[in-house]
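Right, one structure below, let's go through it.
Numbering of residues begins at 1 and proceeds along the displayed sequence. Because the structure is a prediction, the values reported are computed rather than measured.
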Amino acid sequence: MKATAQPLTPVAVSEKSWLAVYAELFKARLTFLVLLTTLVGFYIGYRGPVNYWLMLHTVLGTALVASAASAFNQLLERDYDARMLRTKDRPLPSGRLQPNTVLIVGSLGALIGLVYLALAVNLLTSLLGALSFASYVFIYTPLKRVTWLNTAVGAIPGGLPPLMGWTAARGELSREGWALLAILAFWQLPHFLAIAWIYRDEYARAEFKMLPLVDPTGQRTGRQAVTHTLGLLPLSLCPFLFKLAGPIYLVGALVLGLIFLWVAIQFRRELTVPRARKLFYVSILYLPLLLGLMVLDKIK
């Protein structure tokens, strides 16, 4: 039986500065992660002394596109966000911003960002940015209300930023760049499955089709978390195998991957919110540590 939509609860609007409002609209923490992975892709891909002006252009263009994608995501999900405690205070459900304002800001950000990348970086990076924006806004976002496979689909736009950094530095697609995309894509699955398990009641209230909602026992959720963390382990070794990073990175990637896998196995064995929260926190630590090792042990 289809769940009945819950009535929207009025949100008590607290005072926030315009900077805080737009930081929330642009999902500042998520955008920061996008820029971090883009920077790593650029740095790892660049040959010789780094062109910092080109790096800056890449970051600025990517920031505009990523911020615009987040704005459109919230525009399309504003009625659903109002049903969840964790999102009902966002700029649109709270009434701090109006839909037309977000539409204009998001459209300008996407347009300016993509043109900027094409002119200041290269056309290939701009096209990848357009693919990331379109797949996130027009495919992943509506799929969240259709199928639990939305998480796997969303891993594609989520994995594109390091590939964009790579193409900004190299001007070409290659196996090394695809490997960076694969690492990010596989990392996202256990990360977001942990979030979905923690907030499964809220996702049900908003009628988002997340795996824990069609898998009440959690067996498939736990299995997916383990298999994707296991798949991430050999993928994380690609920067060493492709001679992008050295032996320090290899050892670090193995240690981090095994820890991540062990925590996913613990979650699989004991499907509780504390175990899911632990998996979430370990995933947050894993990614910057892995990327940091890649940068520090880069083979020049």
With a 3.5 Å distance limit and no angle check, can you tell me whether [X] reaches the backbone of [Y] through a side-chain donor-acceptor pair?
| X | Y | value |
| --- | --- | --- |
| T272 | R275 | yes |
| E202 | R86 | yes |
| T58 | A168 | no |
| R170 | G45 | yes |
| T167 | M164 | yes |
| T141 | F138 | no |
| D297 | A245 | no |
| N150 | K209 | yes |
| D215 | T221 | yes |
| R96 | D89 | yes |

Quick one, [X] and [Y] - any side-chain contact, counting heavy atoms below 4.5 Å?
| X | Y | result |
| --- | --- | --- |
| R83 | E207 | yes |
| L128 | P161 | no |
| F280 | W197 | no |
| S283 | W187 | yes |
| L92 | P99 | yes |
| I195 | H191 | yes |
| D81 | K88 | no |
| F32 | K27 | no |

R277 and V273: CA distance, side-chain angles, deciding distance, side-chain contact (heavy atoms from CB on, under 4.5 Å) verdict: CA-CA 6 Å; R277 206 175 296 278; V273 170; 3.5 Å; yes
Worked check of side-chain contact (heavy atoms from CB on, under 4.5 Å) between Q219 and L271: CA-CA 8 Å; Q219 295 304 308; L271 293 159; 3.8 Å; yes
Over-ring placement of K298 relative to Y43, 6.0 Å and 45° cut-offs: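 The answer is yes; both the distance and angle limits are met.
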Side chain to side chain donor-acceptor pair (under 3.5 Å) between T38 and T62, worked out: CA-CA 8 Å; T38 304; T62 303; 4.5 Å; no
Salt bridge flag under 4.0 Å for residues K144 and E77: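 A salt bridge is present here (some side-chain N lies under 4.0 Å from a carboxylate O).
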Short N-O contact, E24 and R90, less than 4.0 angstrom: no
I248 atom CD1: more than 12 heavy-atom contacts under 6.0 Å: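 Counting other residues, nucleotides and ligands, CD1 of I248 stays at 12 neighbours or fewer.
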side-chain contact (heavy atoms from CB on, under 4.5 Å) between L39 and L291, intermediate numbers included: CA-CA 10 Å; L39 278 171; L291 297 178; over 6 Å; no
Test log, rule side-chain contact (heavy atoms from CB on, under 4.5 Å), inputs L33 and L287: CA-CA 10 Å; L33 177 62; L287 188 61; 3.6 Å; yes
Closest contact, heavy atoms only, [X] versus [Y]:
| X | Y | result |
| --- | --- | --- |
| W148 | M210 | CB-C, 3.8 Å |
| L261 | V226 | CD1-O, 3.9 Å |
| L114 | S126 | O-OG, 2.7 Å |
| V263 | L279 | CG1-CA, 3.6 Å |

Verdict with supporting geometry, S174 and E172, side chain to side chain donor-acceptor pair (under 3.5 Å): CA-CA 6 Å; S174 61; E172 64 179 10; 4.7 Å; no
F240/Y249 aromatic ring centres below 6.0 Å: no
Y199 and Y203 aromatic ring geometry - parallel, tilted or perpendicular at 30°/60° bounds: perpendicular
Parallel, tilted or perpendicular: rings of F133 and F72 (30°, 60°): perpendicular
H228 and its ring-ring contact (aromatic ring centres under 6.0 Å, His included) partner, picked from F186, F260, F192: F186
From CA spacing to verdict: side chain to side chain donor-acceptor pair (under 3.5 Å), N73, S70: CA-CA 5 Å; N73 171 264; S70 293; over 6 Å; no
Residue pairs fulfilling side chain to side chain donor-acceptor pair (under 3.5 Å) with at least one residue in residues 100-119, sequence neighbours excluded: H57-Y116
